[in-house]
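Note that ligands are numbered from 1 as they come in the structure, with each ligand's atoms numbered from 1 the same way.
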Amino acid sequence: MCLRPGSLLQPTFATSAMDTPNPTSRIQIVQGDITKLSVDAIVNAANSSLLGGGGVDGAIHRAGGPAILAQCRLIRESPDYRSGLPTGEAVITTGGLLPAAYVIHTVGPVWHGGQRSEPELLANCYRTSLALAAEHQLASVAFPGISTGVYAYPKKEAAAIAVREVRQWLAEHEFPQQVIFVAFDTESKRLYEQELAK
Ligand code: AR6
């Protein structure tokens with residue numbers, strides 16, 4: 001499914017979580033700008049400062065307005081996050097002016113060749129984000145390719161981890177009911193499709 005510029009994605013929920021034994025039926029792939037998605041939460045590939053940056057982080061803060069940054073600043077003031085959000089963890093804020101109600105901010109690993117626990121840390125991003133979505137009983141959550149831009153994680157390996165973790169989560173949990181992988185380019189879309197076909 002492609003998103004036209006300016007269009008909003010309205011995922012359809014043809015089935016409920018409880019009558020879909022196959023978790024793959026609760027996963028969708030779309031190509032486009034994640035900030036346009038009308039879902040319960042979009043996930044942000046943030047940095048540990050939580051104070052914004054480039055890539056999808058910049059796009060989310062631009063489109064969502066200052067309410068998101070204000071809540072990120074409050075989170076940073078809490079004792080747990082004084083020195084930033086650790087890699088692999090996740091926090092939730094309002095979606096501000098976005099069509100999405102919430103933004104789940106997670107910090108992916110910087111790719112250093114794969115020997116610095118990058119796969120485990122990336123898997124943690126998906127699990128902690130999904131856990132927050134479940135805690136808030138969110139029906140639909142959209143993920144960008146965490147770490148696959150500025151942080152240089154190889155896209156194929158990242159897609160494999162993303163699909164594996166989401167499938168496993170959905171097989172064991174009712175929430176979120178629907179997960180959307182958002183590919184920013186056709187290459188990423190193809191990689192998600194290949195992984196989902198396995
Ligand atoms: N919608 C969907 N996907 C997007 C969008 C968008 N609007 N924009 C970019 N992508 P990146 P990272 C894709 O660099 O690698 C920031 O400065 C992009 O093509 O945004 O985790 C943060 O503040 C890529 O596949 O995140 C951190 O400092 C994916 O989103 C750092 O970058 C992630 O690319 C995080 O780096």
message: Does any N or O of ligand 1 fall below 3.5 Å from an N or O anywhere on Phe184, backbone included?
response: no
query: Starting from atom 1 (N) of ligand 1, which protein heavy atom do you reach first, and at what distance in Å?
result: Ile34 N, 2.9 Å
task: Check each atom of ligand 1 against the heavy atoms of Gly53 and keep those under 4.0 Å away; list them by number with element.
output: 17 (O), 23 (O)
query: Would a 4.5 Å heavy-atom cut-off, applied to side chains only, mark Tyr153 and Leu122 as touching?
result: yes
message: Among all the protein's non-hydrogen atoms, which is closest to atom 14 (O) of ligand 1, and how far away is it?
response: Val150 N, 2.8 Å
Protein contact of atom 26 (O) of ligand 1 - nearest heavy atom, named by residue and atom, plus distance: Ala45 CB, 3.6 Å
field: Donor on one side chain, acceptor on other, Asp33 and Thr35, under 3.5 Å
entry: yes
field: Reported CG-to-OG1 distance for the pair Leu121 and Thr128, which is rounded to 0.5 angstrom
entry: 10.5 Å
- prompt: Less than 3.5 Å between some nitrogen or oxygen of Gly149 and one of ligand 1, yes or no?
  reply: yes
statement: Residue, atom and distance of the protein heavy atom nearest atom 33 (C) of ligand 1 read Gly145 O, 3.3 Å
message: For a side chain to side chain contact (heavy atoms under 4.5 Å, CB included) check, start with the C-alpha distance between Lys156 and Gln194, then their side-chain angles and the critical distance, and finish with the verdict.
response: CA-CA 9 Å; Lys156 184 175 165 54; Gln194 277 176 356; 4.3 Å; yes
- prompt: Could Lys189 and Glu193 be called an ion pair, given the rule that one side-chain N must be under 4.0 Å from one carboxylate O?
  reply: yes
message: Minimum distance, heavy atoms only, to atom 21 (O) of ligand 1: which one of Gly58, Ser147, Gly108 is it?
response: Ser147
- request: May I ask you to test the Glu89-Val107 pair for a side-chain heavy-atom distance under 4.5 Å?
  value: no
query: Should the pair Glu187-Arg190 be classified as a salt bridge under the 4.0 Å nitrogen-to-oxygen rule?
result: yes
task: For Lys155, counting its heavy atoms only, list the atoms of ligand 1 lying under 4.0 Å from any of them.
output: 25 (O)
message: Need the ligand 1 atom indices (1-based, order shown) with element for anything under 4.0 Å from a heavy-atom of Gly32.
response: 1 (N), 2 (C)
- prompt: Which atoms from ligand 1 have a heavy atom of Asp33 less than 4.0 Å away?
  reply: 1 (N), 6 (C), 7 (N)
- request: Could you tell me whether the side chain of Pro23 reaches within less than 4.5 Å of the side chain of Trp169, counting heavy atoms only?
  value: no
- prompt: Can an N or O of Gly54 be found at a distance shorter than 3.5 Å from an N or O of ligand 1?
  reply: yes
